[in-house]
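Scroll down for the structure; my scribbles are underneath it.
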Amino acid sequence: MYPSPETTNLITIAQARSVSRRRFLWDVARTTAATSIFGLRSFGQNSRISLPARRLVVVTFGGGARDEETFAVEGQRYIPRMLGELIPQATFFTQVVNRGILGHYVANASLTTGCYESFDNFIPTPPSNPTLFEYYRRDRAARADDVWVIAPSNGFDRIGASTHPAYGSQLGATMVLPKQLLGGLANRKAGAFDHLLTDSYEDNSKVSVSSQHALTLTALADRLKLPVSDFLAYAATVTSPDELSLYIARHLMSHLAPSLIWITLHDIDVAHAGAYSLYTDAITRTDRICAELWKTIETNPEYAGKTDMFVLPDFGRDSDFEPGGNGFQHHRTGDALSRTTWMLALGPGIRQNVSVDRRLDSIDLVPTLAAKLGCNAAFAQGKIITEVLA
Ligand SMILES: [Zn+2]
């Protein structure tokens, strides 16, 4: 069977994007000479590797940014921490293609199952294929407190478990939806926290007040030994929901130290509002949050030296040249550039300072993480990314 013209086009453009990302990174290495400089090597060239990780943190760089605002010369100023701190310690994959539906919930669900899920993005339904969380909990007899998902809004509240008959919610992750914790406050003053409560940047809807599938504020406070008053006082100081996610993740790591944490960042999707500066501010914030998560890992004895972190976007955004789109604002055309992203992986079981240019599929993540965690992703459709295995 011959590939369709659309598939051929996607492959061609994805390969070209991989080459340009690699070139951008080489240029950064060459022009930033003295300090944290990385001379990105091809995979396999004399790179360091040590013992495999025992803990895992996965971060989605969401809702997706273009190379023009990240790796390209004009975009590098928005991601200084990834370029200066994370990539020099990482294996960087220049070509990760998402062939599924480009809606955030369904795309993130697909990332957790290793299958391209096909449900309606705007209906809160669980994925039908088992998630990584269920594989891990069943095969490793892990408690719910050992597997956590921190996600941006209502649309994601079913991401922690599937409806698969051999798995299901009894084996799912513990879910935290930071916006919903605030939206559900019984005595919230009118207007309080409103700037943090947008559920979807696509239709500007507000977060609803409760979910059967996520922790309540009281339950979270109890589990993390975090006074509700402290959480609310912190929330009053931040401008972004992803900052709240970082705050919760840090408390979680300090107090429960779960083996698997999945954090879905989403601030960048404010791009749907059409304001370029909000979009680039969110990219810089996301860049900082990723670096701070890694710093937290490195300074927490429960995680330091035994944790791998994976960072990848759920997908990209429309190019400036696609007639059906509106550039950075949306991801509605399904064009090749909005499907072609990247991934970085770092930790004790992963080679530092190398790049991999072969094409990966988004759904390759789950079987790879399952191999790292010692569980069997029996229904995942992707292939194991051998470059990150010890
Ligand atoms: Zn979006």
Side-chain angles (χ1 to χ4, degrees), residues 58-70 75 78-79 96-112 116-125 127 149-159 177-180 195-208 239-245 262-287 289-290 311-320 322 324-343 362:
V58 181
V59 187
T60 58
F61 199 88
R66 310 184 308 175
D67 274 22
E68 288 87 336
E69 292 84 29
T70 50
Y78 302 123
I79 55 166
V96 181
V97 173
N98 183 330
R99 297 171 199 270
I101 298 170
L102 302 191
H104 295 291
Y105 173 48
V106 67
N108 277 279
S110 300
L111 284 178
T112 69
Y116 286 126
E117 302 292 331
S118 57
F119 54 79
D120 183 337
N121 184 65
F122 297 100
I123 294 177
T125 184
V149 172
I150 303 172
S153 48
N154 291 330
F156 291 77
D157 76 339
R158 308 301 301 274
I159 206 171
L177 306 177
K179 293 178 189 176
Q180 212 169 49
H195 63 295
L196 300 175
L197 299 182
T198 300
D199 186 55
S200 166
Y201 295 109
E202 299 204 60
D203 60 12
N204 216 25
S205 59
K206 290 294 180 189
V207 73
S208 65
T239 56
S240 124
D242 285 349
E243 298 275 16
L244 275 184
S245 295
W262 187 289
I263 304 168
T264 301
L265 300 178
H266 203 56
D267 281 356
I268 297 171
D269 212 39
V270 73
H272 285 296
Y276 192 73
S277 62
L278 290 180
Y279 163 60
T280 52
D281 285 352
I283 292 170
T284 302
R285 188 182 314 120
T286 304
D287 174 71
I289 288 172
C290 290
V311 181
L312 76 169
D314 41 3
F315 46 79
R317 310 195 81 82
D318 293 336
S319 74
D320 283 329
E322 192 66 30
N326 196 18
F328 75 92
Q329 189 173 0
H330 300 305
H331 40 82
R332 292 176 179 168
T333 66
D335 71 342
L337 289 184
S338 63
R339 295 186 176 281
T340 308
T341 63
W342 48 269
M343 181 170 76
S362 296

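The figures that follow rest on heavy atoms only: side chains count, while hydrogens, waters and symmetry mates do not. These numbers come from a predicted model, not from an experiment. One-based numbering along the sequence shown. Every number for a ligand or one of its atoms is a count from 1 in the order of the listing.
Among the atoms of Asp269, an N, O or S atom falls under 2.8 Å of the Zn ion (ligand 1). The Zn ion (ligand 1) has an N, O or S atom of His104 under 2.8 Å away, backbone or side chain.
Judged by distance alone, the side chains of Thr333 and Asp318 do bring a donor and an acceptor atom under 3.5 Å apart.
Side chain of Asp314 to main chain of Ala107: no donor-acceptor pair is present (N/O by atom type, distance under 3.5 Å, no hydrogens or angles). Judged purely by atom type and a 3.5 angstrom limit, His331 uses its side chain to pair as donor or acceptor with the backbone of Leu102.
Note: His104 and His266 have perpendicular aromatic rings, judged against thresholds of 30 and 60 degrees for the angle between ring planes.
Per residue His331, closest N, O or S atom to the Zn ion (ligand 1): atom name NE2.
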